Amino acid sequence: MTYKSLHKLSAEQGGDVYNFGAGPAMLPAAVMQRARDEFIDWRGTGVSVMELGHRTKEFIAIAEQAEVDLRDLLKIPTNFTVLFMQGGATSQFSMVPLNLTAAGDSVDYLHTGLWSGKAKDEAGRYCQVNVAASSEDTGFTLIPATDRWQLDPQARYVYFTDNETVHGVEFQLTPDTGDVPLVADMTSNILSRPIDFSRYGLIFAGAQKNLGPAGLTVVIVREDLLDQARVDTPCLYNYAFNAKSQSMANTPPTYIWYMAGLVLQWVKAEGGIPVMEQRARLRSAKLYRAIDASGFYHNPVAPDARSRMNIPFSLTDDSLNETFLKEAMEHGLLALAGHRSVGGMRASLYNAMPETGVDKLIEFLTSFERRYG
Ligand SMILES: *Cc1c(COP(=O)(O)O)cnc(C)c1O
């Protein structure tokens, strides 16, 4: 069954479809409806947002409003610059070392899963990478205790992945790095809890998990770190260059920027970050409780490192995986397959996931266990 036929089916039956994909992920229904309503004719201009020039006053107003709303929601201080970039979160794996180090500099990485692993490997092409802590030997099922981190006070920055999307591991604390700038990949948990910017030098997030469709990356960088790029950094990879042109050095992904703006307006209308945080805690706690209460499903992550956003779990009998996924889909529960590198299942519960989606998933888990367990 395809997604398309399922959507049709569910509309005909009056049922709902829930997309648990890790990214690109589901967007709030209200955002999709608004985008549909404005699709062909944006506010009487006679054109779609995607047909507007990026230097028109109409698009610049859309772009500026998105920044205002992001700053407002996350309480971003004025000494931080917000950039709307392309290249996905992965391009930041090289931009961060290119902009913040010189050749020969040393940097600290906390290795807690697939994404921090990729980031540290990329940084290793530009500078000396010190793995200050790693949970690789446990299969990335915990955050190493802070008293065992080997942070180098001479490091140019400390890098970590706030939420490891594949392994389902999330930091419950902000690493204390003293005067060394802290850099965080918040791709899969931005907008789900407050951020204390006084503790950070740079935060980035690809949009397609919790912020909008794929194609945009938000970078929030402290001003004193903005203009330190190596001279041979490609200009589009240079933070200061992008800041000077208001993220419009070349044609930005205008429609995605607009969509992210709609998501930000939705988060505001729903009550902002405190409400998103409360919902995230509630949704994930419910699902972990159901998994832990069963003898049939298993989540391997230490309770104090469990992600509120991505919940991997396995079935006691792996040979049931395909049946599980097929039946889940027939129940309108989509994209529950785990990441190809770890297998099993994964339920992603981003801001757009209503609590009813989690309730439906738990109902299905229970009935599947009853029938096959
Ligand atoms: C998805 C993801 C990435 C990669 O994002 P791309 O936009 O595909 O480059 C990086 N980090 C984290 C934490 C992610 O969840």
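Just so it is clear, the structure is predicted and the values come from calculations on it, not from any experiment. Order of appearance sets the numbers: ligands from 1, and atoms from 1 within every ligand.
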Distance under 4.0 Å to a non-hydrogen atom of G88: what atoms of ligand 1 satisfy this? 7 (O), 9 (O)
Quick test: of every protein heavy atom, which one is nearest to atom 8 (O) of ligand 1, and how far off is it to 0.1 Å? Q208 NE2, 3.5 Å
On a heavy-atom basis, the closest approach of M309 and S307 is N-OG, 2.8 Å
Report yes if T165 has an N/O atom closer than 3.5 Å to an N/O atom of ligand 1; otherwise report no. yes
Side-chain H-bond candidate by donor/acceptor type, N189 with D162, under 3.5 Å: yes
Pair T316-Y297, side-chain donor/acceptor within less than 3.5 Å: no
among protein heavy atoms, the one nearest atom 11 (N) of ligand 1 is D185 OD2, 2.6 Å
With a 4.0 Å cut-off on heavy atoms, is G206 in contact with ligand 1? no
Of all the atoms in ligand 1, which lie at a distance below 4.0 Å from a heavy atom belonging to A89? 3 (C), 4 (C), 5 (O), 6 (P), 7 (O), 9 (O), 10 (C)
Atom OG1 in T161, atom CG in N163: separation rounded to 0.5 Å? 9.0 Å
Pull out every atom of ligand 1 sitting under 4.0 Å from any heavy atom of N163, numbered as shown with elements. 13 (C)
Look at atom 9 (O) of ligand 1 and say which protein heavy atom is nearest, naming residue and atom and giving the distance to 0.1 Å. T90 OG1, 2.5 Å
Side-chain ion pair, R156 and D108, N-O less than 4.0 Å: no
Does one side chain, of R199 or T177, offer a donor that lies under 3.5 Å from an acceptor on the other? no
Look at atom 1 (C) of ligand 1 and say which protein heavy atom is nearest, naming residue and atom and giving the distance to 0.1 Å. K209 NZ, 1.5 Å
Tell me yes or no: between the side chains of N238 and T233, is some donor less than 3.5 Å from an acceptor? no
